[in-house]
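This report concerns only the one structure given below.
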2 protein chains.
Amino acid sequence: MTGALDETLTALADPTRRMVVDLLARGPQSAGALATAVGSSPPAMSRHLRVLRRLGLVVGRHDEDDARLRIYSLRPDRLHEVRGWLEDLEDFWSHQLEGFKKHLEER
Amino acid sequence: MTGALDETLTALADPTRRMVVDLLARGPQSAGALATAVGSSPPAMSRHLRVLRRLGLVVGRHDEDDARLRIYSLRPDRLHEVRGWLEDLEDFWSHQLEGFKKHLEER
DNA sequence: ACAAATATTAACGATAACGTTAACCAATGT
DNA sequence: ACATTGGTTAACGTTATCGTTAATATTTGT
């Protein structure tokens, strides 16, 4: 569905959320660690994580040793979706360039 | 600069603007043609094009035959930038997977 | 010169996003 | 039991975004 891309890109448009994604790409972290890492208040971080969770960009599990901690991990599916869209675009772009090249050759 | 990604993703988060980008990837078009193609009013389309222009995603030139028409074309530089960011992310992701794999092997 | 077409800008209102403070819940530790 | 820690939710105000209608160039055609 095309709606998924909308929301994914909206999620990634926010600088704080993109920082979170960057951090989680390097490995899972707790919500609090993410908050301090990006300099955000716990409530604000929780909101951002809820957005990312709703869109399927991250998952949050309870830590086995300390169930208070909620460990978040990245799920790359949506990111692949965005990259796929970009690659499709660039395919069309290259075709457009070929047409332009052919147009020049015909003069 | 990291600020460029912010604005580019914000621009692409809007469904109408993403339709415009999709259309322009297939070839240049006038502002009016884009408006009717996506079912948007001329002022709304003009606003969207101004956003895309400001961020360097498109360029608008005057048509040679009819100077009233403003022909817009796609500039793929910013899109490449987004794709580069995604690819970097996926690189980190794959390293994370390798680490996890190694972790499993050690048990 | 005048009218129509193309596109942009201005001003307005409605809607949604974001952060902050306060309140709340669940789990841990003493 | 009680206080503390980690995280989320609620309520509030601020700010930004988007679309619409009206007004403003600029170019084309008669």
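Numbered from 1 within each chain, the chains take letters A, B, ... in sequence-line order.
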Under a 4.0 Å heavy-atom criterion, the protein footprint on nucleotides 17-28 of chain C, written with B, S and -, is -BBBBB----BS

Integer-rounded Å distance: D:dG7 P and A:Arg61 CZ | 16 Å

note: B:Met45, atom CE; C:dT9, atom P; distance rounded to Å ~ 15 Å

The side chain of B:Pro42 lies closest to which of these nucleotides: D:dG6, C:dT8, D:dT9?
-> C:dT8

In whole angstroms, the gap separating P of D:dG6 from OH of A:Tyr72 amounts to 15 Å

Could you state whether A:Val21 and B:Trp93 fall into the same hydrophobic cluster, counting links through intermediate Ile, Leu, Val, Met, Phe, Trp or Tyr residues with side-chain heavy atoms under 4.5 angstrom apart?
-> yes

Residue list, side chain to side chain donor-acceptor pair (under 3.5 Å) with A:Asp63, at least two apart or on another chain = none

More than 12 heavy atoms of other residues, nucleotides or ligands under 6.0 Å from CZ of A:Arg50: is that the case?
-> no

Tell me, do B:Leu55 and B:Arg78 make a side-chain contact under 4.5 Å, heavy atoms counted?
-> no

Could you please name the option among C:dA7, D:dT8, D:dG6 that lies closest to any side-chain atom of A:Arg70?
-> D:dT8

Any chance CZ of B:Arg26 has more than 12 other-residue heavy atoms, nucleotides or ligands included, within less than 6.0 Å?
-> yes

Under the side-chain contact (heavy atoms from CB on, under 4.5 Å) rule, collect the residues that match up with B:Arg54, sequence neighbours excluded.
-> B:Glu7, B:Val51

Short side-chain N/O contact to C:dA7 OP1/OP2 from B:Ser30, under 4.0 Å = yes

Between C1' of D:dG6 and CG of A:Leu34, the distance in whole Å = 13 Å

